[in-house]
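A quick write-up on the structure given underneath.
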2 protein chains.
Amino acid sequence: MSTDLLSIGAFARLCRLSVKQLRHYDELGLLPPKRVDAATGYRYYGRDQVRDAMAIALLRGFDVPLSSIARMLGGDRGVQDAVLRAEQRRLEERIAAQRRAWQALERLVAEGLLHQEVALSREPERRLLVCSAECAPEEIGAAMGRCVEQVTAAAAGLEWSPPLWGRFPVDLRERVAVAVGVAAPTAAPVPGTRVEHLPGGLAATALHTGPYEQLFLTYQAVFAWVHERALRPRGSVYEEYLDDPRTTDPAGLRTRIVVPLHEEE
Amino acid sequence: MSTDLLSIGAFARLCRLSVKQLRHYDELGLLPPKRVDAATGYRYYGRDQVRDAMAIALLRGFDVPLSSIARMLGGDRGVQDAVLRAEQRRLEERIAAQRRAWQALERLVAEGLLHQEVALSREPERRLLVCSAECAPEEIGAAMGRCVEQVTAAAAGLEWSPPLWGRFPVDLRERVAVAVGVAAPTAAPVPGTRVEHLPGGLAATALHTGPYEQLFLTYQAVFAWVHERALRPRGSVYEEYLDDPRTTDPAGLRTRIVVPLHEEE
DNA sequence: CCTGGTCCCTCCCCCCGTGGGAGAGTCCAG
DNA sequence: CTGGACTCTCCCACGGGGGGAGGGACCAGG
């Protein structure tokens with residue numbers, strides 16, 4: 001039984017792994033040979049190691065990292081399932097990210113790299129009814145939705161101009177805000193909302209047509225345009241939502257991007 | 001104009017790249033600074049390099065390799081589109097592979113790692129009407145389909161037993177074949193098909209239930225079982241398709257896997 | 001003019017998993 | 001006993017960076 005040992009080459013052929021891989025897994029302690037000749041360093045594997053080796057080959061085929069494989073080989077069925085589930089979730093996220101990347105590439109093919117039209121404009125002062133929230137970068141959609149609800153509820157009794165506004169800090173990861181313009185000075189806003197005075201002034205603006213998910217592409221173009229001209233962004237960036245996402249096809253959603261600038265020439 | 005140069009740090013902040021990245025891109029010749037101070041080695045970038053730098057940042061965000069980005073920056077619009085399209089196709093393939101991996105992981109969670117039941121059996125001799133084809137590994141499905149058509153057409157006038165067979169070389173990448181069993185010795189097979197005698201004998205068999213795409217999982221389990229017992233596969237492996245993929249849900253498709261073995265104990 | 005803080009330089013090592021190759025030693029069948 | 005196939009260790013490479021050491025450069029304030 002224990003005399004029936006395989007050399008690394010024979011074992012590699014059986015398990016469809018390369019000799020290099022087996023040596024690497026030995027180094028990591030992932031699959032140490034059953035016996036190592038002390039004099040020559042030759043590695044000898046047992047038949048009962050075939051199953052583990054083939055499991056490694058299988059999982060590596062799905063790009064499961066060796067560290068996860070190590071946890072699985074060392075654990076019982078419960079651990080294995082947990083690790084597999086975790087790998088599945090990682091895979092889901094990667095797939096989602098790659099689908100977004102695919103869509104973005106599609107748009108880049110359609111309109112070229114950072115070629116959107118950008119204009120210099122002078123924005124008027126605005127009085128806004130604001131609801132803001134702090135959120136992680138991937139929850140922006142949900143946080144925005146909640147703010148929209150609050151702000152439209154608060155504005156229901158007031159006189160307000162239709163386009164909805166969103167404000168974002170330039171470096172992200174701070175506070176996002178949703179606002180509507182209000183005509184008259186308002187005395188008692190609903191709790192959670194407040195009235196803010198948005199100063200006007202010089203700004204770079206661009207019109208993004210397409211899903212909100214791809215807004216960042218137009219932002220990138222606007223910032224390229226701004227920095228090329230040695231203009232300096234000032235404070236937070238904001239967006240004007242010209243269409244209603246509930247009634248407009250995402251591909252046709254128009255959003256006006258506004259990047260406020262310092263006045264100096 | 002040319003006096004308005006930015007230090008690497010300032011340029012990095014503008015373009016949302018790290019200083020390390022910019023130095024790396026310089027080394028690769030991807031984005032050499034407009035001026036490098038000969039005495040100090042300090043890198044200075046021009047405003048007109050912001051666009052390229054931001055394009056790099058954007059594309060790296062989609063995991064486009066730097067070599068592809070280099071081709072795009074050096075090329076005109078046509079080249080850019082071609083490279084973008086190529087990246088899209090690479091992305092599609094990766095997504096498809098990852099979805100297959102996800103499905104496979106799902107199956108592994110359901111039934112454990114390489115835990116299928118395997119049995120030792122003695123297969124009878126068989127006389128088969130065979131159609132074979134050479135094909136790349138990813139076209140196996142299509143090649144099999146064509147063979148199935150040919151073989152069923154050829155067998156239409158004959159007396160044949162229902163289960164369809166598929167044969168594959170162990171190391172793949174050779175010839176695949178589709179066959180049906182025929183009862184009587186047949187004289188004149190349709191061109192492109194021939195009658196073969198499949199020797200019987202010892203074999204390891206397992207029943208795979210699920211889509212053909214995941215057959216390799218059960219194969220892996222069978223080979224693990226075989227090699228653990230120091231049995232030696234002999235010649236090509238074959239499969240018996242017990243259900244009709246046109247009328248059965250893929251999740252329920254039963255396939256009997258047969259791995260012929262050398263007789264010795 | 002000096003000084004200190006912040007910038008920037010190069011160089012090296014690290015990640016992950018694997019392939020390639022050099023140079024030397026080992027195994028086994030003829 | 002010999003030759004070819006096998007195996008060993010050690011180093012380098014990939015891609016796309018991050019981290020940090022050690023040392024020079026820049027610039028504003030005193």
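Here the structure is a predicted model, which means the values were calculated and not measured. Labels below follow one simple rule: chain letters A, B, ... track the order of the sequence lines, proteins then strands, and each chain is numbered from 1. Atom set for the values below is all heavy atoms of this structure, side chains included, hydrogens, waters and symmetry mates excluded.
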Using a strict heavy-atom distance below 4.0 Å, which residues from residues 19-30 of chain B are in contact with DNA chain D? K20(B), Q21(B), H24(B), Y25(B)
Hey, what are the protein-to-nucleotides 28-30 of chain C N/O distances that come in under 3.5 Å?
none

Bending between helix ends of the helix from dC1(C)-dG30(D) to dG30(C)-dC1(D) [5 pairs per end, 10° resolution]: 30°
Under a 4.0 Å threshold between the charged nitrogen and the carboxylate oxygen, would E93(A) count as salt-bridged to R90(A)? no
Atom CG of L66(A) and atom P of dG17(C): how far apart are they, to the nearest Å? 4 Å
Indicate whether any N or O donor in one side chain lies under 3.5 Å from an N or O acceptor in the other, for T255(A) and E239(A). no
So which protein N/O to nucleotides 2-5 of chain C N/O distances come out below 3.5 Å?
none

Please check: side-chain N/O of Q220(A) versus main-chain N/O of L215(A), any donor-acceptor pairing under 3.5 Å? no
Kindly say whether E228(B) contributes a backbone atom to a donor-acceptor pair with the side chain of R47(A) at under 3.5 angstrom? no
For the residue pair A57(A) and C15(A), what are the closest heavy atoms and their distance? CB-O, 3.9 Å
Going by number, which of residues 37-58 of chain B have a non-hydrogen atom under 4.0 Å from DNA chain C? T40(B), G41(B), Y42(B), R43(B)
For the pair R51(B) (side chain) and L114(A) (backbone), establish whether a donor and an acceptor sit closer than 3.5 Å, ignoring hydrogens and angles. yes
Regarding E213(B) and Q103(B), do their side chains bring together a donor and an acceptor under 3.5 Å, going by distance alone? no
Considering every strand and a 4.0 Å limit on heavy-atom distances, what is the contact class for S7(A): base, sugar-phosphate, or nothing? sugar-phosphate
Other residues, nucleotides and ligands only: do more than 12 of their heavy atoms fall within 6.0 Å of CZ on R77(A)? yes
Quiz item: cation-pi between R229(B) and W225(B), 6.0 Å / 45°: yes
Could you state the atom-to-atom distance from CG of L5(B) to C1' of dC8(C) in whole Å? 16 Å
Donor-acceptor pair, side chain of E263(B) and main chain of L202(B), under 3.5 angstrom: yes
Taking for each residue the nucleotide of DNA chain C bearing the nearest heavy atom, is the 5' side occupied by P65(A) or by R13(B)? R13(B)
Would you say that more than 12 heavy atoms from the other residues, nucleotides or ligands in this model lie under 6.0 Å from the CD of E106(A), or not? yes
In terms of ring plane angle, is the pair F216(B) and F62(A) parallel, tilted or perpendicular, where the classes change at 30° and 60°? perpendicular
Under a 4.0 Å heavy-atom criterion, DNA chain D is touched by chain B from dG16(D) to dC26(D)
E111(B), CD atom: more than 12 neighbouring heavy atoms under 6.0 Å: yes
Return the minimal non-hydrogen interatomic distance between G200(A) and R234(A), and the atom names on each side. O-NH2, 3.6 Å
If you measure only the distance, is there a donor-acceptor pair under 3.5 Å linking the side chains of Q214(A) and Y219(A)? no
For Y42(A) and Y44(A), take the angle between the two ring planes, folded into 0 to 90°, and tell me which bin it lands in: parallel under 30, tilted 30 to 60, perpendicular over 60. tilted
Checking K34(A) against D48(A) for the salt bridge (Lys or Arg N to Asp or Glu O under 4.0 Å) test, could you report, in this order, the C-alpha distance in whole Å, the side-chain angles of both residues, the deciding distance, and whether it holds? CA-CA 9 Å; K34(A) 174 155 282 186; D48(A) 52 345; 2.8 Å; yes
